[in-house]
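Data first, discussion second: the structure below is written as structure tokens.
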Amino acid sequence: MLDIKFVRENPQIVKEAMEKRGAQVRLDEFLSLDEERRRKLAEVEQLKNNRNVVSKEIGLLKKEGKNADELVEQMGQVGEKIKHLDEEVKQIDEKSNEIIMGIPNMPHASLPIGLNESYNREERKWGEPRKFAYEPKAHWDLGESLNILDFERGAKVTGARFAFYKGLGARLERALINFMLDIHTGEHGYTEVIPPFMVNRNSMIGTGQLPKFEEDMFRISNSEYFLIPTAEVPVTNLYREEILEEKDLPILHCAYSPCFRAEAGAHGRDTRGLIRQHQFNKVELVKFAHPDNSYEELEKLTNNAEKILQLLELPYRVITLATGDIGFSSAKTYDIEVWLPSFNTYREISSCSNFEDFQARRANIRYRDAKGKPRFVHTINGSGLAVGRTTSAIMENFQQEDGSIKVPKVLQHYMGGVEFIRT
RNA sequence: GGAGAGAUGGCCGAGUGGCCGAAGGCGGUCGCCUGCUAAGCGAUUAUACGGGCUAAUACCCGUAUCGAGGGUUCAAAUCCCUCUCUCUCCGCCA
């Protein structure tokens, strides 16, 4: 969430930022609620002060054996007033909280301004999309003919947008997970964690999925737990309500997890293949950084994700999302898009964001500065990478005319020396 | 799942109705002392919110906070209720 004091003191700046995002927010309503809240708060605190003072007097009088009935009677009435005012303040709090929790983050000044993805800015390209002498096949066709992906039985056993990986397909997915984790832990300095794959409501609020996007989540029906949409949620919440040491920053974690997304509103989009599933694997990178250098850390994290694609020899490009295209909690996001031959375009395979203190404020993740004062950390995360989409990209980019798939060199020893996946 | 114990500041730990934002210790910070080091002495050391004063996140005042939420009371860390979590024993289990 945004800093309430900042919103109070700079409503115009917030308003303009929200316009750049194309976000509808009830800012004026919030400001007037905020003012009312402070008025009522001053009033009730005054009464509480009175009660505290008089209660002490009553204690002293009773100790001396004197009569305090009149004061007790008075304070009884004050207590009633306090109860009512407290209730009013609580209701105002709930209303204004609902509004502020629904206000997205302020976009960083370096973003291209524009209300949709057409304004996104391409930063760089790596690798050359391969020229095919034939029409390249889609990964779902390759997967079915090689008998390494099974969408029909996925749909039978669970439903639409669920799939089985089989044989060397499963092996490839698993090889990628291990490969990515090995690079990030061994060469990029991240500490691996295996998080819970379900989290409670507070964790979902901490990273910004709730309260606004509940319909995109899978909720466990007989409990208050949610299936994680990304390891970002449990890993960022690792340090929720904690105060970290400044000298420990940045803290770097990577995590493999399956991700569960209801994909509400995605009907009809990417209905075939591994691109948009209700369950997919992902290796996530998460950083807890010092506010002074969080943007450098974002660059590094993005490079760490790119490194995986480079090692796999997959062509990609990096784009900076425009103000109208970044996610709710993000201040700045780079999307890494991998080349997919059958789509004849680049598709998102990683999204790397700096949330600044937006998540840290919601989740109350702080560090102690040189003066000993707690400050909010900046949180940064990105996919390193979406594994299912990486598998798809490998299948499509490394397909051979005979329908087989060449295994990228760096993966071969993870595949037990297999060089080609063929029937 | 059954029985019991517990949750207090950065950490450990005392505190069963008012003088408790909370003893004591550890750790941290500042100062003193000691020709290094170790030790010693003194002081200081929670957070959020609101108000005042400001260049100020500095200072002053107030309110709240002793796992969370509710209740009793003039007054709750302390009494009552509900929930969450932790530990011990038993059962079950990959």
Side-chain angles (χ1 to χ4, degrees), chain A residues 1-10 30-97 99-101 194-206 220 222-226 234 237-249 251 288 290-292 356-357 360-378:
Chain A
M1 64 186 274
L2 298 180
D3 181 358
I4 288 174
K5 277 184 196 153
F6 179 84
V7 175
R8 186 185 297 151
E9 285 159 20
N10 307 280
F30 174 78
L31 291 170
S32 75
L33 281 170
D34 179 58
E35 205 184 309
E36 191 187 350
R37 172 179 173 274
R38 279 182 292 152
R39 218 172 38 233
K40 289 245 156 75
L41 205 56
E43 197 181 335
V44 73
E45 284 183 356
Q46 176 67 46
L47 288 174
K48 283 180 180 172
N49 176 236
N50 182 236
R51 180 174 69 182
N52 287 344
V53 170
V54 175
S55 288
K56 258 177 201 165
E57 281 175 33
I58 292 171
L60 291 174
L61 286 175
K62 289 208 168 175
K63 206 170 199 176
E64 293 166 17
K66 293 181 185 162
N67 184 294
D69 289 353
E70 196 176 323
L71 289 177
V72 169
E73 159 70 17
Q74 274 176 28
M75 287 308 103
Q77 287 173 19
V78 170
E80 283 303 307
K81 275 192 198 163
I82 290 173
K83 207 181 243 180
H84 286 124
L85 277 169
D86 267 344
E87 181 56 32
E88 283 177 45
V89 170
K90 192 178 154 196
Q91 297 209 351
I92 295 167
D93 267 341
E94 278 168 14
K95 268 196 227 164
S96 69
N97 199 42
I99 297 176
I100 192 96
M101 290 303 265
I194 299 178
F197 300 153
M198 296 183 217
V199 296
N200 59 32
R201 186 168 283 275
N202 279 341
S203 293
M204 293 291 258
I205 289 170
I220 308 297
N222 63 350
S223 79
E224 268 298 297
Y225 298 155
F226 294 82
N237 280 281
L238 236 190
Y239 302 116
R240 172 149 55 81
E241 272 133 54
E242 291 189 29
I243 299 176
L244 306 168
E245 293 296 326
E246 187 172 32
K247 67 175 165 52
D248 293 335
L249 301 179
I251 296 173
F288 301 86
H290 195 285
D292 289 350
E356 298 189 357
D357 62 8
R361 183 172 287 109
R362 285 174 164 242
N364 202 17
I365 307 168
R366 297 177 293 176
Y367 71 96
R368 214 173 274 289
D369 72 8
K371 287 182 186 165
K373 287 283 161 209
R375 308 270 182 220
F376 291 116
V377 300
H378 281 193

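A:Arg240 and A:Ser203 share a donor-acceptor pair across their side chains, judged by distance under 3.5 Å alone.
Whole-Å rounding puts the A:Asn364 CG to B:A46 P distance at 18 Å. Distance A:Leu244 CG to B:G10 P: 13 Å, rounded to the nearest Å. Protein atom CD of A:Glu241 is 13 Å distant from nucleotide atom P of B:G9, rounded to whole Å. Between A:Phe376 atom CZ and B:U57 atom C1' there is a gap of 13 Å when expressed in whole angstrom units. Atom CG in A:Asn50 sits roughly 19 Å away from atom P in B:C61 (whole-Å rounding). What separates OH of A:Tyr367 from P of B:U57 is a distance of 16 Å, to the nearest Å. Distance CD (A:Glu9) to P (B:U57): 9 Å, rounded to an integer number of Å. The distance from atom NZ of A:Lys373 to atom P of B:U45 is 11 Å, rounded to the nearest whole Å.
Closest approach of A:Leu61 to A:Ala68, counting heavy atoms only: CD1-CB, 4.0 Å. In terms of heavy-atom proximity, A:Glu242 sits nearest to A:Leu238 at OE2-O, 3.5 Å. Closest approach of A:Asp357 and A:His378 over heavy atoms only: N-CD2, 3.5 Å.
When the side-chain nitrogen and oxygen atoms of A:Asn49 are compared with OP1 and OP2 of B:G62, none of them lie within a distance under 4.0 Å. Note on A:Arg8: every side-chain N or O is 4.0 Å or more away from OP1 and OP2 of B:C49.
Here A:Arg361 lies out of heavy-atom contact (under 4.0 Å) with every strand.
Going from atom NZ of A:Lys90 over to atom CD of A:Glu87 covers 5.5 Å, rounded to the nearest 0.5 Å.
B:A68 and B:C11 have their P atoms separated by 14 Å, given to the nearest Å. Comparing the P positions of B:A23 and B:C92 gives an interatomic distance of 48 Å, to the nearest angstrom. The C1' atoms of B:G24 and B:G15 are separated by 11 Å, rounded to the nearest whole Å.
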Let me have RNA chain B in dot-bracket notation, would you? Count Watson-Crick plus G-U wobble pairs, both distances under 3.5 Å, and use [ ] for pairs crossing earlier ones and | for inter-strand partners. ((((((((.[[[..)..(.....]]]((((((.......))))))(((((((......))))))).[[[[[..)....]]]]])))))))....
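The closest donor-acceptor contact from the side chain of A:Arg368 to the backbone of A:Ile243 lies at 3.5 Å or more, if one exists at all. A donor-acceptor pair under 3.5 Å is formed between the side chain of A:Asn10 and the backbone N or O of A:Phe6.
Heavy atoms from other residues, nucleotides or ligands lying under 6.0 Å from CD of A:Glu35 number 12 at most.
In this pair, A:Phe288 and A:Tyr239 present their aromatic rings perpendicular. The plane angle is above 60°, beyond the 30 to 60° band.
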Contact letters for nucleotides 64-85 of chain B, in which S counts primed atoms plus P, OP1 and OP2 and B counts the base, heavy atoms under 4.0 Å: S-----S-S-BS----------
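For the salt bridge (charged side-chain N to carboxylate O under 4.0 Å, His left out) with A:Glu88, the lone residue among A:Lys83, A:Lys40, A:Arg37 that qualifies is A:Lys40.
Contacts between residues 30-40 of chain A and RNA chain B, counted as heavy-atom distances below 4.0 Å, involve A:Arg37, A:Arg38.
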